[in-house]
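Counting from 1, the numbers follow the sequence of the chain as shown.
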Amino acid sequence: MLTETMTAALNAQINKELRAFYTYLSMAAYFEDDGLKGFAAWMRHHAEEEMLHAMKIYDFVLQRRGRVTLQAIDAPRASWESAKNAFEDALHHEQNVTASIHALVDTARKEGDHATETFLIWFVNEQVEEEEIVDEVLQKVTRIGDFAPALFLLDRDLATDAAAAATSAEGTSEGA
């Protein structure tokens, strides 16, 4: 069973993951409205990943006989000055989630909760990947600047990436 402290911390993380879902979904809507459907598809895919992360923690809390307590989620930002600015926000958001996951691991250690600590290692590794992926696109968008032809090529590439990731996720879920 989870301690009250660990349950509260995990519930707070569920909220942060759902907030991340909202943030990426809002970015997807922004890019869709801006006519960058590849950027929108990429952000929507990442929104769906954040929802999966929230549900992974949700299921773990229930498995450990904890009580899931959902909290309010503030409305996310709805627009950005540029693609670069949106990706800067996305990277900053991922860095905050990483810090939160690290704090959860610290809490699990303090609580002597080895099962939760082991469970959270997947998230530690996932956050390394998440930050790398967002930063990679941010570096490309930074190099491109306002050069529209390059932005449209990157939009096409991100659409391809999102489609490949969705196909990969479908294959993974079918095998589960």
Report task. Check the pair Asn11, Thr7 against side-chain contact (heavy atoms from CB on, under 4.5 Å), reporting the backbone distance first and the verdict last. Result -> CA-CA 6 Å; Asn11 274 308; Thr7 302; 3.5 Å; yes
Requested in this report: Kindly say whether the aromatic ring centers of Trp80 and Phe31 come within a distance under 6.0 Å.
Outcome: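 Not close enough - the centres of the two rings lie 6.0 Å or further apart.
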Report task. Check step by step if side-chain contact (heavy atoms from CB on, under 4.5 Å) holds for Arg44 and Met27. Result -> CA-CA 8 Å; Arg44 187 170 179 151; Met27 288 177 175; over 6 Å; no
Tell me whether [Y] is reachable from [X] by hopping between hydrophobic residues (I, L, V, M, F, W, Y) whose side-chain heavy atoms are closer than 4.5 Å.
X: Ile121; Y: Val61; result: no
X: Leu153; Y: Val141; result: no
X: Val97; Y: Leu70; result: yes
X: Leu18; Y: Tyr22; result: yes
X: Ile57; Y: Val68; result: yes

Query - Derivation and outcome, side-chain contact (heavy atoms from CB on, under 4.5 Å), residues Lys84 and Gln139 - result: CA-CA 9 Å; Lys84 178 185 175 193; Gln139 295 310 311; over 6 Å; no
Please report the closest heavy-atom contact between [X] and [Y], naming both atoms and the distance.
X: Leu158; Y: Gly38; result: CB-O, 3.7 Å
X: Ile144; Y: Leu151; result: CG2-N, 3.7 Å
X: Phe21; Y: Ala47; result: CD1-O, 3.0 Å
X: Met6; Y: Ala108; result: SD-CA, 3.6 Å
X: Phe39; Y: Asp155; result: N-OD1, 2.8 Å
X: Leu138; Y: Leu91; result: CD2-CD2, 3.8 Å

Please report the interatomic distance [atom1]([X]) to [atom2]([Y]), rounded to the nearest 0.5 Å.
X: Ile101; Y: Phe123; atom1: CD1; atom2: CZ; answer: 6.0 Å
X: Ile133; Y: His46; atom1: CD1; atom2: NE2; answer: 5.5 Å
X: Glu50; Y: Glu17; atom1: CD; atom2: CD; answer: 5.5 Å
X: Asp161; Y: His45; atom1: CG; atom2: NE2; answer: 9.5 Å
X: Leu10; Y: Arg67; atom1: CG; atom2: CZ; answer: 15.5 Å
X: Leu120; Y: Gln13; atom1: CG; atom2: CD; answer: 8.0 Å

If we only count heavy atoms from C-beta on, is the [X] to [Y] side-chain gap below 4.5 Å?
X: His102; Y: Val124; answer: yes
X: Phe152; Y: Leu36; answer: yes
X: Glu126; Y: Lys56; answer: no
X: Thr107; Y: Lys110; answer: no
X: Leu25; Y: Met43; answer: no
X: Gln63; Y: Asp59; answer: no
X: Leu2; Y: Arg65; answer: no

Requested in this report: Quick one: list whatever passes side-chain contact (heavy atoms from CB on, under 4.5 Å) with Lys140, sequence neighbours left out.
Outcome: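 Partners of Lys140 by the side-chain contact (heavy atoms from CB on, under 4.5 Å) criterion, ordered by chain and then number, come out as Glu136, Leu154.
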Do [X] and [Y] get their side chains close enough for a donor-acceptor pair, meaning under 3.5 Å?
X: Glu129; Y: Asn125; answer: no
X: Ser100; Y: Lys16; answer: yes
X: His53; Y: Glu49; answer: no

Query - Partners passing side-chain hydrogen bond (donor to acceptor under 3.5 Å, both in side chains) against Glu111 (at least two apart in sequence or in another chain) - result: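 Expected list: Thr3.
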Report task. Using side-chain hydrogen bond (donor to acceptor under 3.5 Å, both in side chains) as the criterion, list what pairs up with Thr69, not counting sequence neighbours. Result ->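 Once residues adjacent in sequence are excluded, Thr69 has no partner under the side-chain hydrogen bond (donor to acceptor under 3.5 Å, both in side chains) criterion.
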Query raised in the report: Hey, does the side chain of Thr118 reach the backbone of His114 with a donor-acceptor pair shorter than 3.5 angstrom?
Result: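 A pair under 3.5 Å: yes.
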Query raised in the report: Are Asp113 and Arg64 close enough, and set up right, to give a side-chain contact (heavy atoms from CB on, under 4.5 Å), and what steps lead you there?
Result: CA-CA 11 Å; Asp113 188 343; Arg64 296 286 312 281; 3.1 Å; yes
Query raised in the report: OH of Tyr58: more than 12 outside heavy atoms within 6.0 angstrom?
Result: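 Incorrect, the count does not exceed 12.
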**Report entry** Side-chain ion pair, Asp89 and Arg77, N-O less than 4.0 Å
**Finding:**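 Answer for the salt bridge query: yes.
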Report task. Determine, stepwise, if the pair Gln127 / Glu131 fulfils side-chain hydrogen bond (donor to acceptor under 3.5 Å, both in side chains). Result -> CA-CA 6 Å; Gln127 282 308 119; Glu131 284 187 33; 4.9 Å; no
Report task. Give me the ring orientation class for Phe87 and Trp42: parallel if the planes are under 30° apart, tilted from 30 to 60°, perpendicular past 60°. Result ->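 Rings of Phe87 and Trp42: tilted, as their planes differ by 30° to 60°.
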